[in-house]
Novice: 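Before I ask anything, let me first share the structure, which is written out below as structure tokens.
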2 protein chains.
Amino acid sequence: MQKNRRQTTILKLITAKNIGRQEELAEMLENKGFSVTQSSVSRDLDELGIIKIGGFYALPQKPRNAVAFGLLSLQTAGENLIVAKCESGLASAVAVRIDAMDIKEIVGTIAGDDTIFIAVGGKDEQKTVIKKIWETFDK
Amino acid sequence: MQKNRRQTTILKLITAKNIGRQEELAEMLENKGFSVTQSSVSRDLDELGIIKIGGFYALPQKPRNAVAFGLLSLQTAGENLIVAKCESGLASAVAVRIDAMDIKEIVGTIAGDDTIFIAVGGKDEQKTVIKKIWETFDK
DNA sequence: CGATTTTATGCAAAGTTTCTGCATAATCAA
DNA sequence: TTGATTATGCAGAAACTTTGCATAAAATCG
């Protein structure tokens, strides 16, 4: 399955260059060895949450209120882990909030000083959890 | 897909009656409208974590002394992680005990307030470690 | 121990789900 | 409005999951 590698490449491409059309992106991917049409690029962008800002594709800004609560980013590490970066010293506080959400897909969380590890059962759960956390912190 | 409904039914059946053979379970499922062979029942029981206790299938009991030591549950998250839930504040203490067991399949542990992450090399090691931990705490 | 019963598993087929391209509809920009 | 760009219904392809069969492995009984 090359969807994941392709989407990773898309993320790199849009941060490296200003890309204004999906067709353009599709061509760049072809050059990198991916065989893909505009249709799929459209769906990829949707799944990655990439939107057009000022005529170019980019990752949406971080919800500012999340930052207010100390949460800076959510990244995946493999299929079973989500790593949350927080402002220094606030990881525990953020983790408490996350635990309080009582998300059933979360197997467990551990907080350090500025990092939280969130264990999940698999790929799908990972997606769901990230979505739920952002939703809650984005208020 | 009727796997999920079937497994739910299995859970109900084994708590309602004493069932000693997989073939027996398969027949009961047939009566309830599921078409299933012993092979699948075997796999279901494995997935549900059901084991034979005193000649009958049952969900494994939580060793009562484990609770006394603060350990509440062990769950997996993927093949490389075991998540231990503990009573609030006791995770470090439980982790120390686990580390002291010197289980060679454990790559590393990290403890938060009420959660421990235990890293293992793979599926088999995961099974072994869970078994060893329960055994030790069940004394 | 050896025989018999019970359980686990490699493999291939069937069943499901996910991914993709095509054609085209919907949206956007000028 | 018109042309350019993006989104989407649908059908086929590809990937993954579930299952039964046959049989290997393990447990039980005498």
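Since the structure is predicted, the reported quantities are computational estimates derived from the model, not experimental observations. Residue numbering restarts at 1 for every chain, and letters A, B, ... go by the order of the sequence lines. Because only heavy atoms are used, hydrogens play no part in the values below, and waters and symmetry mates are left out as well, while side chains stay in.
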Novice: Thinking salt bridges, do B:D44 and B:R6 make one under a 4.0 Å N-O criterion?
Specialist: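 Answer for the salt bridge query: yes.
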Novice: Are A:L81 and A:I130 linked, directly or through other ILVMFWY residues, by side chains that come within less than 4.5 angstrom of each other?
Specialist: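 No, A:L81 and A:I130 fall in different hydrophobic clusters.
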Novice: What integer distance in Å separates B:I50:CD1 from C:dT6:P?
Specialist: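 Value for this atom pair: 19 Å.
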Novice: May I ask you to say what B:G20 touches in the nucleic acid, namely base, sugar-phosphate or nothing, with a heavy-atom cut-off under 4.0 Å?
Specialist: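 Contact class for B:G20: sugar-phosphate only.
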Novice: Let me know which of A:I98, A:I106, A:V129 forms a side-chain contact (heavy atoms from CB on, under 4.5 Å) with A:I82.
Specialist: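 Of the listed options, the one satisfying the test is A:V129.
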Novice: Using atom types as modelled and distance alone, determine if a side-chain donor or acceptor of A:T9 lies under 3.5 Å from a backbone N or O of A:R5.
Specialist: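 Yes, the answer is positive, given that a donor and an acceptor are paired below the 3.5 Å cut-off.
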Novice: Do A:Q38 and A:R21 have side chains that approach each other closer than 4.5 Å (heavy atoms only, starting at C-beta)?
Specialist: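 No; the side chains remain at least 4.5 Å from each other.
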Novice: Examine C:dT20: is either OP1 or OP2 under 4.0 Å from a nitrogen or oxygen in the side chain of A:R6? Give yes or no.
Specialist: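 It does, given that an N or O in the side chain of A:R6 lies less than 4.0 Å from OP1 or OP2 of C:dT20.
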Novice: Under a 4.5 Å cut-off applied to non-hydrogen side-chain atoms, are B:I110 and B:I116 in contact?
Specialist: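 No, their side chains stay 4.5 Å or more apart.
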Novice: Assign A:S42 to base, sugar-phosphate, or nothing according to its heavy-atom contacts below 4.0 angstrom with the strands shown.
Specialist: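 Answer is base: heavy atoms of A:S42 come under 4.0 Å of a base.
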Novice: For B:Q7 and D:dT19, what is the distance between atoms CD and P respectively, to the nearest whole Å?
Specialist: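 Those two atoms, CD and P, are 8 Å apart.
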Novice: Tell me the interatomic distance from B:D44, atom CG, to D:dT17, atom C1', rounded to whole angstroms.
Specialist: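 Result: 13 Å.
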Novice: Enter the inter-axis angle for the ends of the helix from C:dC1-D:dG30 to C:dA30-D:dT1 (five pairs per end, rounded to 10°).
Specialist: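 Axis angle across the helix from C:dC1-D:dG30 to C:dA30-D:dT1, nearest 10°: 50°.
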Novice: Is A:Q38 close enough to C:dT20 that one of its side-chain N or O atoms is under 4.0 Å from OP1 or OP2 there?
Specialist: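 False: A:Q38 side-chain N/O out of range (4.0 Å or more) of C:dT20 OP1/OP2.
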Novice: Whether the side chain of A:S39 and the base of D:dT8 hold a donor-acceptor pair under 3.5 Å is what I'd like checked.
Specialist: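 Present.
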Novice: Grab the NZ-C1' distance between A:K3 and C:dT17 for me, whole Å please.
Specialist: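 For the pair A:K3 NZ and C:dT17 C1', the rounded distance is 12 Å.
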Novice: So what does B:V36 touch, heavy atoms closer than 4.0 Å: a base, only the sugar-phosphate, or nothing?
Specialist: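 Since only primed, P, OP1 and OP2 atoms lie under 4.0 Å of B:V36, the category is sugar-phosphate.
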